[in-house]
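Notes follow the structure.
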2 protein chains.
Amino acid sequence: MAIRLSSRDADFGARFSAFLATKREVSAEVDATVATIVDAVRADGDKALIEFTRRFDRLDLGATGIAVGEAELDAAEAAVDAETRAALAFARDRIESHHRRQKPADERYVDALGIELGHRWTAIEAVGLYVPGGTASYPSSVLMNAVPAKVAGVDRLVMVVPTPDGVLNPLVLVAARLAGVDEIYRVGGAQAVAALAYGTETIRPVDKIVGPGNAYVAAAKRRVFGTVGIDMIAGPSEVLVIADGDNDPDWIAADLLAQAEHDTAAQSILMTDDAAFADAVEAAVARQLTRLPRGAVAAASWRDYGAIILLGDLAEAPPLADRIAAEHLELAVAEPETLFERIRNAGAVFLGRHTPEVIGDYVGGSNHVLPTARSARFSSGLSVLDFVKRTSILRCDAGGLRALGPAAIALAKAEGLDAHGRSVGIRLNL
Amino acid sequence: MAIRLSSRDADFGARFSAFLATKREVSAEVDATVATIVDAVRADGDKALIEFTRRFDRLDLGATGIAVGEAELDAAEAAVDAETRAALAFARDRIESHHRRQKPADERYVDALGIELGHRWTAIEAVGLYVPGGTASYPSSVLMNAVPAKVAGVDRLVMVVPTPDGVLNPLVLVAARLAGVDEIYRVGGAQAVAALAYGTETIRPVDKIVGPGNAYVAAAKRRVFGTVGIDMIAGPSEVLVIADGDNDPDWIAADLLAQAEHDTAAQSILMTDDAAFADAVEAAVARQLTRLPRGAVAAASWRDYGAIILLGDLAEAPPLADRIAAEHLELAVAEPETLFERIRNAGAVFLGRHTPEVIGDYVGGSNHVLPTARSARFSSGLSVLDFVKRTSILRCDAGGLRALGPAAIALAKAEGLDAHGRSVGIRLNL
């Protein structure tokens with residue numbers, strides 16, 4: 001049974017704060033292990049990569065090769081049925097056309113003092129994409145990470161994916177090819193992150209590493225940060241559904257369970273102003289749970305982290321939603337735009353009764369890599385912006401320098417940086 | 001004497017790689033200390049803050065109060081001379097008008113299938129700004145961090161600044177007021193970072209922390225990352241000057257020394273195709289060094305990390321410049337735009353002979369917080385974008401959901417996520 005809160009309870013404030021503070025992830029103490037692995041790969045390159053892969057994935061890279069070849073990609077294509085491949089291509093096309101609109105524009109202008117300012121965006125040259133192996137190996141995530149990188153203009157997009165016992169999901173390979181991934185290596189874990197960051201004989205280093213992974217991968221990414229860029233560290237997924245009583249309880253229950261089936265640490269929250277509707281959704285969740293293949297996972301998530309928050313009025317929802325800062329926010333109400341205008345923090349919003357969050361997971365076109373664990377307060381979902389960087393531009397002529405120079409010299413003097421002042425003054429004979 | 005490399009040397013490739021690999025920062029082992037401090041502030045709030053400030057800054061916050069009040073700001077105004085204040089206001093105005101152009105636009109559109117997509121930008125609600133104390137307490141840095149935050153629309157901009165022995169730079173307070181900082185607290189170090197992240201009785205928590213600091217501050221920021229957002233970790237500053245032989249050697253020497261005077265770990269690099277000019281610059285550096293108040297610092301930086309790279313032709317410069325990925329790139333050549341087009345990695349570029357980098361430090365209008373230590377390969381300077389976050393938007397009506405639904409269901413099935421498929425299917429009677 002999910003937790004129940006009501007804004008009419010006297011202790012609602014305290015209970016809501018306690019609910020927000022609930023930790024959904026146990027951060028394993030893996031830093032020491034990861035340090036050893038990263039250092040070994042940095043020092044010994046392929047040799048260390050082969051050894052760790054033998055140990056952790058029970059795979060002999062000496063026999064298979066580290067790189068995944070074209071023949072394997074062809075075999076993967078042949079193994080995937082036409083309907084699934086078509087759905088992947090459909091998703092790819094929608095993600096691509098949406099993300100094309102995100103390409104930022106360069107700017108140059110001359111201001112009133114004759115100073116030219118601006119900025120220029122360029123793609124990051126080489127990016128590594130970590131793809132988890134095993135059950136969390138999702139082709140949709142390959143598309144969501146790889147397509148924006150290629151839209152941005154990344155020259156070299158390098159995918160790593162562990163293949164425990166040599167098993168590789170053909171859908172992941174098909175998605176990689178569809179997305180334009182340039183190189184694929186069958187390595188995973190902290191050793192793959194180290195290989196991407198520092199390079200080995202086989203894998204040339206990249207400039208940035210993106211993609212989700214387990215605690216070892218996350219710790220390795222934090223460790224190599226600085227040498228390369230990294231994306232945000234993804235936590236367990238979550239949805240907040242704000243729904244009035246006019247929804248079909250079965251629809252909303254299905255949305256809550258779609259989130260819950262991801263992971264026992266996933267979180268589904270319903271906020272409503274209708275107590276009878278809340279009861280109906282809870283009953284529908286219980287009913288639907290019995291028919292789900294991943295029912296055990298979803299049941300644990302709903303039991304441990306699920307919540308139903310009953311409000312006196314949906315007008316109370318925005319400040320609470322802002323504190324939750326959900327990764328996914330469904331507004332299943334008659335006037336979702338009005339409600340959305342009053343909510344500030346959410347990774348992605350799904351407006352109205354016919355936009356289940358799952359559409360955004362696959363084929364909406366927007367990105368499904370979104371800020372978790374309340375980080376939508378300060379960060380954004382993955383986009384083309386994550387694969388480009390900006391150079392700021394300044395240009396003065398002699399007249400412009402004369403206009404700006406005295407103030408620069410005054411500030412340099414105030415900060416005690418005489419050489420700064422001289423660098424300007426020498427050009428102005430000051 | 002700075003290192004000399006020539007692209008005509010047989011071992012140039014190896015020597016250039018070794019030069020790139022030179023570490024300019026010793027990362028102190030402060031993690032354990034920082035963990036203790038952060039945990040204590042998280043547990044004991046103001047009490048811990050007062051205790052650490054007594055210990056590290058020799059200041060009794062019980063007597064002074066934690067917050068800096070209006071009367072102190074007024075006193076600081078009175079203590080600053082009119083010329084410096086005017087220069088700060090001039091810089092503030094230029095930074096503000098440039099950064100106003102960076103405000104990203106919202107977008108909404110309906111695609112060919114009738115799906116509405118888009119995104120909305122909102123400001124981060126509360127931001128903490130760390131300002132170092134002592135000699136590195138620069139009013140220009142206060143402006144560069146605070147103005148973009150206020151332009152972005154941050155509601156609550158909270159500055160922390162240590163005041164060792166109670167000493168506070170009045171210029172920093174004047175800059176804070178000019179920039180619109182909302183609250184100022186006289187605390188610093190890891191304890192101030194912890195207070196911003198977790199809150200205390202006096203300091204309400206923020207959503208993101210920006211601003212430079214020493215090794216303790218950097219370690220504390222890494223530690224609280226996730227609970228709050230953080231900006232990049234700033235390393236020692238650097239400049240790459242690409243200059244032809246038609247420059248005045250004294251001008252270029254002054255630019256190299258402006259960088260070198262920051263810090264003994266700063267780095268100044270000259271790249272030129274004119275050996276006689278290189279010699280003349282080196283002689284000018286030696287000459288100017290003797291007249292600099294911060295000559296000892298600049299001399300150590302130039303000796304330990306400075307470099308002159310002689311090229312057969314300036315056309316060789318772009319790939320080398322891309323590997324250096326300098327924080328600051330000066331193009332002191334006749335046709336700087338042509339050269340700039342061929343260079344990809346730089347935090348900021350300064351075009352032509354009349355744009356010394358120092359103009360960008362103070363009054364150019366662009367931001368002086370820029371990626372160091374080769375991170376311009378994957379990251380950008382500070383901008384309004386660092387103080388906003390994006391919510392992606394999706395809206396389907398019943399017809400749109402019918403158009404997208406089957407592909408979403410196919411992908412959910414392929415990924416083994418049945419509840420995902422049901423969340424769509426239940427709305428389509430599938």
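In what follows, every chain begins at residue 1, and chains take the letters A, B, ... in the order their sequences are listed.
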May I ask you to name which of [options] has the most heavy-atom pairs under 4.5 Å with chain B?
options	answer
A:G400, A:G381, A:G425	A:G381
A:L171, A:L257, A:D111	A:D111
A:L370, A:V349, A:T122	A:V349
A:H262, A:R120, A:Q288, A:M232	A:R120
A:I233, A:I252, A:I343	A:I343
A:A260, A:A414, A:A346	A:A346

*Distance (rounded to the nearest 0.5 Å) between B:T372 OG1 and B:H328 NE2*: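 One gets 9.5 Å once the value is rounded to the nearest 0.5 Å.
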*Go through the steps to decide whether B:R377 and A:E125 satisfy the test salt bridge (charged side-chain N to carboxylate O under 4.0 Å, His left out), and finish with yes or no.*
CA-CA 8 Å; B:R377 292 175 296 125; A:E125 199 174 324; over 6 Å; no
Select one option (side chain, backbone, both, neither) describing which atoms of [X] are under 4.5 Å from chain B's heavy atoms.
X	value
A:P104	neither
A:A412	both
A:I115	side chain
A:D322	neither
A:D397	backbone
A:L292	side chain
A:R222	both
A:V206	backbone
A:R374	neither

Can you tell which part of [X] gets under 4.5 Å to a heavy atom of chain A, answering side chain, backbone, both or neither?
X	answer
B:R402	neither
B:L289	neither
B:P371	neither

*Going by distance alone, is a donor N or O of one side chain under 3.5 Å from an acceptor N or O of the other, for A:H368 and A:S141?*
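A pair is found: one side chain offers a donor N or O, the other an acceptor, under 3.5 Å apart.
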*Indicate whether any N or O donor in one side chain lies under 3.5 Å from an N or O acceptor in the other, for A:H420 and A:E415.*
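No.
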*Verdict with reasoning, B:R344 to A:T391, per side-chain contact (heavy atoms from CB on, under 4.5 Å)*: CA-CA 8 Å; B:R344 183 170 189 156; A:T391 300; over 6 Å; no
Side chain proximity check, [X] to [Y], heavy atoms < 4.5 angstrom:
X	Y	answer
B:L417	A:Y138	yes
A:R422	A:I409	no
B:D418	B:K413	no
A:I359	B:L401	yes
A:L411	B:S140	no
A:E116	A:I393	no
B:S392	B:L117	no
A:E330	A:D255	yes

Partner chain A: residue of [options] with the largest heavy-atom pair count (under 4.5 Å):
options	answer
B:A373, B:G364, B:A410	B:G364
B:L329, B:D207, B:D361	B:D207
B:L256, B:I124, B:L394, B:V358	B:L394
B:G421, B:S379, B:G352	B:S379
B:F340, B:F225, B:F350, B:F387	B:F340
B:L428, B:L385, B:T227, B:N169	B:T227

*Mark yes or no: B:R101 above the aromatic ring of A:Y109, with NZ or CZ under 6.0 Å from the six-membered ring centre and no more than 45 degrees from the axis.*
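Yes, cation above the ring, under 6.0 Å and within 45°.
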_chain B neighbours within residues 80-90 of chain A, where any heavy atom lies under 4.5 Å away_ =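 Those residues of residues 80-90 of chain A which have a heavy atom under 4.5 Å from chain B are A:E83, A:T84, A:A87, A:L88, A:F90.
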*Partners passing side chain to side chain donor-acceptor pair (under 3.5 Å) against A:N345 (at least two apart in sequence or in another chain)*: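 B:K389.
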Keeping the roles fixed (side chain from [X], backbone from [Y]), state whether a donor-acceptor pair exists under 3.5 Å.
X	Y	value
A:T355	B:C396	yes
B:R427	B:G405	no
A:S301	A:V297	no

